Structures are given as C-alpha cells and as structure tokens.
Amino acid sequence: MVGRYDPRPEVLIEHPPWTRSATIYQINVRQLTEAGTLRAAQEHLPRIRSLGVDIVWLMPINPIGEVNRKGALGSPYAVRDYYGVNPELGTHDDVREFVERAHQLGLYVILDWVANHTAWDNVLVASHPEWYSRNTRGELQPTPWWDWDDVVDLDYRHPELREYMTEAMRYWVTEFDFDGYRCDVAGFVPTDFWNNVRAELDAIKPVFMLAEWESRDLHAEAFDMTYAWSWQQSMREIAQGQAGLEKLLVYYSWNEKAFPDDAIRMTFVSNHDQNSAEGTDRELFGDALEATIALSVVGDGMPLLYNGQEAGNDKRLEFFERDPIVWREHPVGELYRSLFALKRTNTALANGRHGATMVQVVNTDPQHVFSFERHNDVDGVFAVFNFGPESTRVAFPRPPLTGEFVDYLTGAPIVLDGSLTLDLGPWDYRVYVAASGCEPSAAAHQPR
C-alpha cells in the first residue's frame with residue numbers, strides 16, 4: 001500500500017528497450033541527396049547504420065502548403081494534408097519501403113509531426129474552420145508572436161480536433177510501422193493531448209516520442225526525450241567566449257535535480273534549425289567543435305547527429321529551396337562513429353535511469369577545465385575538457401575513480417590516482433575508460 005508521503009514515480013511511461021543505449025540521426029530528405037527523394041534517402045540507410053546510429057528521425061513528409069509559401073518549395077512544417085505524402089519526396093509505397101528497409105538494418109524510424117499549426121490551405125481549413133484559433137478580428141492567424149506567416153494556428157479546445165489528430169498519428173504507426181514521433185513545438189500543444197496520444201500509440205506498439213521542448217512535465221506520461229536546448233546554447237556561448245564554465249554547470253545541475261532521473265535529454269551540436277538559421281558547426285563552435293561533440297556523447301543525454309555533420313558540412317543548408325549536402329569522408333564522421341561505438345558498449349553511458357550519474361571531478365583549473373566521471377559496477381568513464389583558448393596543466397587532487405584506464409581515442413594507458421596531471425591544449429579533451437572494471441573511492445556517487 002502506498003503511503004500518503006511515499007514518493008511516486010515521476011515518469012509513468014516505459015521507454016522501449018531499444019532506446020537504452022541509442023543514438024539518433026536526423027534526415028532532411030530534401031537535402032540528403034541530389035534527388036531529394038525517399039528512395040534516394042533509403043540508399044543512405046546502411047551508411048547511417050554503420051555510424052552506430054539506432055534511431056532515424058525523418059523530417060515531415062506530408063504535402064506542403066502553397067498559400068503564403070516561403071521560398072520556392074516551402075517549409076516541410078507547413079502541412080497541407082496529414083494523411084498525404086509530398087510528391088516531391090515520393091509516394092506512400094516509398095514511405096513504407098523506407099521504413100521496412102530501416103527495420104531490416106536494425107534501425108528504428110520516428111516521423112516528424114506538426115500538431116500545433118497547419119498550412120493555410122490544409123484540407124481542414126475548408127472542412128473544419130472552427131478548429132483554428134482566431135485573432136481579435138475573428139480571422140485565422142499564424143501562431144502568435146512568431147514570424148510563421150506560412151502557417152495557421154490550431155485550437156486544441158475542440159475535442160474533435162484532438163480525435164482527428166490522434167487518428168492521423170495512429171495511421172502512420174498502424175499502416176507504415178513508424179516507431180514513434182518527433183513532435184514540433186510540443187509545448188505549444190496541451191500536455192493532456194500528448195498524454196492521450198502516447199497511450200493510444202503504445203496500445204499499437206511500444207513507441208518512442210521526442211518533444212521539441214524543454215520541460216520536465218512532458219516526460220511524465222507522453223515523451224521519452226526532450227530537447228536539451230539550454231545545453232546547446234551554453235556550449236555555443238562558451239565556445240564563442242561569451243560565457244564561462246559556470247553556464248554549463250548550471251545546465252547539469254538543473255538536468256540532474258529538476259528533471260526526472262528517467263528523463264532522456266537530447267544533446268545536439270546541430271539540427272535543421274541551427275544549421276539553416278544560426279550557422280554551420282564550425283561557425284557556431286569554432287575550435288571547440290570536436291570537444292563539444294565528445295561531450296554530447298559521453299555526458300548525460302542521447303546525442304543527435306544531423307545529416308551532413310559527419311561529412312564536415314561547411315554550408316548553411318537552404319531551408320525553403322533544394323541545397324543538397326556535399327558528401328565526403330571527414331574526420332568528424334570518424335569521431336562520431338568512434339564515440340557512438342563507446343556509447344553502445346559502455347553501460348555507464350546508457351540513457352535515462354540506466355546510465356550512471358555524472359559526478360563532477362574537482363580539478364586545479366576550474367575556470368577552463370570541465371571534468372567528470374560516470375561509473376557503475378561494470379564500467380567507468382573519466383572525461384576531461386579544456387573549454388578554453390589557452391593550453392593548461394591540470395591536476396585532480398581527489399579522483400573519485402582509481403585504477404588502470406585507457407585513453408579511448410588513442411589507446412594510451414593511464415593510471416588514475418591523486419598524482420595524475422594532464423597537459424591539455426586549447427579546446428583539448430580526453431575520454432578515459434576503465435581497463436578492467438573501476439574502483440570508486442568511498443566518496444563516489446552511486447549510479448542512478
């Protein structure tokens with residue numbers, strides 16, 4: 001019997017087992033290939049899988065509105081028909097074949113879903129105009145306060161709209177075997193709608209739900225993962241010299257204390273919004289790029305790889321026009337491949353409650369060097385990052401882990417004890433893994 005003051009679980013949903021050590025890859029079908037189709041994108045799936053990716057996030061595939069369209073091709077997030085497929089991308093059969101091929105390779109596929117708004121010429125505007133919000137003059141309106149002039153805002157006070165949208169989401173899972181959804185601006189749609197959607201989808205099959213939002217409440221009954229927007233913003237400001245390490249410490253404090261321990265946060269260096277509107281990886285992170293990528297993988301969270309990052313994409317991809325990625329072999333791709341392999345095999349780096357808590361390791365240069373460890377009874381990781389433009393020598397007077405470790409990226413052995421000193425170059429980093437188990441000190445935290 002649960003007592004009046006007994007703690008209750010904050011996360012009431014079950015994450016699919018295949019998400020435990022998963023990584024995620026975002027596909028912008030329009031820009032992935034020269035053809036810009038689902039059939040062409042399907043040819044990239046073996047390569048994506050070889051990077052160590054588990055989940056593929058497919059950007060919206062629905063027909064795009066023509067009224068108030070932005071650019072020549074419009075935004076994929078201006079949906080004209082929730083049951084249709086954009087003919088520029090292919091057909092319903094192409095969607096089905098894409099998902100089937102991904103599943104054959106051991107990949108899971110989630111579909112980008114835009115529930116907050118539709119295109120001005122969505123089929124619902126004519127058939128159900130009462131489902132849309134209105135301005136003070138009684139006119140249909142874009143989402144207030146944003147420059148989203150190509151879309152019109154929905155009003156979730158209507159039960160019939162909620163039923164329609166839920167049935168549309170059920171359709172793509174039932175008929176095409178999608179494994180869940182990435183939900184656009186999820187916080188602009190009532191949480192109780194998402195809670196019900198999750199329950200109805202889970203009744204079909206276990207699904208994975210990603211919210212484009214940063215809120216603890218969405219984790220309770222609806223979403224497995226939310227965006228770590230503030231992590232990415234913190235890293236950008238640090239890389240650009242606009243903030244110190246305290247900004248990053250604040251993020252990890254909030255992440256550990258304010259979010260449920262079974263919440264999964266998506267850590268990302270880039271995505272379609274960041275790349276097109278803000279800048280390329282190198283523009284945003286400069287010489288801190290590789291260290292930021294490493295932290296996105298070995299720190300708490302599920303790392304995202306946006307298509308083209310692995311090729312060292314050096315251009316801001318057009319969002320409303322065709323602008324195919326230039327594919328090439330690149331060291332950034334090999335870095336992601338190597339780090340994803342570590343995440344897959346090292347149990348301390350698992351997602352949610354299955355992973356080990358990040359424990360801060362005190363060092364002698366706290367203004368520039370960020371150091372932490374994660375360990376459980378099987379695996380241990382000790383990571384050190386110099387987030388500064390100058391070389392530094394740093395020591396760790398009270399390491400919470402001791403014993404024999406290996407530099408994961410070079411294979412060089414090292415012994416962790418109170419005498420360890422490291423020389424780090426500008427924006428340099430180290431990731432050490434326990435050679436044979438690990439020996440926590442008495443003060444070390446236990447895994448979650």
Side-chain angles (χ1 to χ4, degrees), residues 16 18-19 22-33 35-49 51 53-64 73-115 168-186 197 201 205 207-212 223-225 227 266 268 270-273 275-276 302-310 317 319 322 324-325:
W18 43 267
T19 65
T23 59
I24 185 167
Y25 186 100
Q26 180 185 3
I27 290 183
N28 183 339
V29 181
R30 177 181 286 171
Q31 313 302 17
L32 185 73
T33 65
T37 65
L38 284 161
R39 283 190 176 274
Q42 183 177 318
E43 298 302 313
H44 276 250
L45 290 175
R47 179 189 64 78
I48 292 169
R49 181 58 168 162
L51 289 168
V53 171
D54 302 286
I55 302 171
V56 169
W57 152 20
L58 204 59
M59 283 175 62
I61 60 174
N62 306 110
I64 296 171
L73 300 179
S75 168
Y77 294 88
V79 174
R80 196 171 74 232
D81 179 4
Y82 285 104
Y83 286 89
V85 175
N86 182 355
E88 298 166 17
L89 305 184
T91 66
H92 286 82
D93 285 341
D94 293 336
V95 176
R96 187 172 285 106
E97 291 178 12
F98 181 95
V99 176
E100 288 177 354
R101 178 57 177 150
H103 287 169
Q104 291 169 1
L105 292 167
L107 289 163
Y108 296 84
V109 188
I110 64 174
L111 179 61
D112 212 327
W113 196 257
V114 191
M169 296 180 76
R170 285 172 51 87
Y171 168 76
W172 292 99
V173 173
T174 302
E175 299 299 324
F176 298 86
D177 206 19
F178 276 99
D179 299 295
Y181 289 95
R182 177 267 186 188
C183 298
D184 191 60
V185 288
V197 165
L201 294 179
K205 63 183 290 189
V207 294
F208 177 76
M209 300 288 284
L210 164 60
E212 188 202 18
F223 290 96
D224 302 272
M225 185 160 74
Y227 271 48
M266 187 175 74
F268 58 94
S270 186
N271 58 38
H272 65 281
D273 289 311
N275 172 263
S276 295
M302 182 188 295
L304 167 72
L305 199 168
Y306 177 51
N307 56 197
Q309 283 188 272
E310 70 270 39
L317 300 173
F319 198 69
R322 290 275 292 117
I325 295 165

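All values reported here derive from a predicted model rather than from experimental measurement.
Across every non-hydrogen atom of Phe178 and Val173, the tightest pair is O-CG1, 3.7 Å. Ser270 and Leu304 get closest at one heavy-atom pair: O-CD2, 3.5 Å. Across every non-hydrogen atom of Ala40 and Ala35, the tightest pair is CB-CB, 3.9 Å. Taking every heavy atom of both residues into account, Asp54 and Ala22 meet most closely at OD2-CA, 3.2 Å.
Under the 3.5 Å distance criterion, with hydrogens and angles disregarded, a donor-acceptor pair is assigned to the side chains of Arg182 and Tyr227. Side-chain polar atoms of His103 and Asp179 form a donor-acceptor pair below 3.5 angstrom.
Atoms CD1 and CG, from Ile325 and Leu317 in turn, are 5.5 Å apart once rounded to the nearest 0.5 Å. The structure places CE of Met302 at 4.5 Å from CE of Met225, a figure rounded to the nearest 0.5 Å. In this structure, CG in Leu89 is found 10.0 Å from CE in Met59, a value given to the nearest 0.5 Å. Between Cys183 atom SG and Glu212 atom CD the span is 10.0 Å, to the nearest 0.5 Å. Note: Tyr181 OH to Phe223 CZ = 12.0 Å, rounded to the nearest 0.5 Å. A distance of 9.0 Å separates CG of Asn86 from CD1 of Ile61, quoted to the nearest 0.5 Å.
Residues Tyr108 and Phe208 place their aromatic rings such that the two centres sit no closer than 6.0 Å.
Checked for salt-bridge contact, Glu175 and Arg170 miss the test: no charged N lies under 4.0 Å from a carboxylate O. Ionic pairing of Arg96 and Asp177 is not present here: no N-O contact between side-chain nitrogen and carboxylate oxygen is shorter than 4.0 angstrom.
With sequence neighbours excluded, the residues satisfying side chain to side chain contact (heavy atoms under 4.5 Å, CB included) with Ser75 are Tyr77, Asp150, Phe319, Phe320. Contacts of Thr91 classified as side chain to side chain donor-acceptor pair (under 3.5 Å), with partners at least two apart in sequence or in another chain: Asp94. Judged as a side chain to side chain contact (heavy atoms under 4.5 Å, CB included), and not counting sequence neighbours, the contacts of Val85 are His92, Val95, Trp172.
Taking the side chain as every heavy atom from C-beta outward, Leu51 and Glu310 approach each other to under 4.5 Å. Taking 4.5 Å as the limit, every side-chain heavy atom of Pro76 sits out of range of all side-chain heavy atoms of Asn62. Leu305 has its side chain out of reach of Gln26: every pair of non-hydrogen atoms, C-beta onward, lies at least 4.5 Å apart. Side-chain contact between Val79 and Pro63 is absent, with no heavy-atom pair separated by less than 4.5 Å. Between Arg49 and Val56 there is no side-chain heavy-atom pair separated by less than 4.5 Å. Proximity of Arg322 to Leu73: side-chain heavy atoms (C-beta onward) are separated by under 4.5 Å at one or more points. When side chains are defined from C-beta on, Val29 does not count as touching Thr37, because their heavy atoms never get closer than 4.5 Å.
Here the rule is side chain to side chain contact (heavy atoms under 4.5 Å, CB included) with Ile27, and of Asp112, Leu58, Val109, Thr33 only Leu58 fits it.
Side chain of Asn307 to main chain of Leu32: no donor-acceptor pair is present (N/O by atom type, distance under 3.5 Å, no hydrogens or angles). In this structure, Tyr82 contributes its side chain and Val114 its backbone to a donor-acceptor pair below 3.5 Å.
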Fill in: Residues Arg39, Glu97; criterion salt bridge (charged side-chain N to carboxylate O under 4.0 Å, His left out); working and verdict
CA-CA 8 Å; Arg39 283 190 176 274; Glu97 291 178 12; 3.2 Å; yes
Item to complete: Give the C-alpha distance, both sets of side-chain angles, the deciding distance and a yes or no for ring pair (Phe, Tyr, Trp, His ring centres under 6.0 Å) between Tyr306 and Phe268.
Response: CA-CA 8 Å; Tyr306 177 51; Phe268 58 94; over 10 Å; no
Discussion item. Ring pair (Phe, Tyr, Trp, His ring centres under 6.0 Å), that's the test. Do Phe176 and Tyr171 meet it? Break it down for me.
Written reply: CA-CA 8 Å; Phe176 298 86; Tyr171 168 76; 5.5 Å; yes
Item to complete: Before giving the answer on side-chain contact (heavy atoms from CB on, under 4.5 Å), spell out for Leu210 and Met266 the whole-Å C-alpha distance, their side-chain angles and the decisive distance to 0.1 Å.
Response: CA-CA 9 Å; Leu210 164 60; Met266 187 175 74; 3.8 Å; yes
Practice prompt. Step by step, work out the side-chain contact (heavy atoms from CB on, under 4.5 Å) result for Asp224 and Thr19.
Written response: CA-CA 9 Å; Asp224 302 272; Thr19 65; 5.6 Å; no
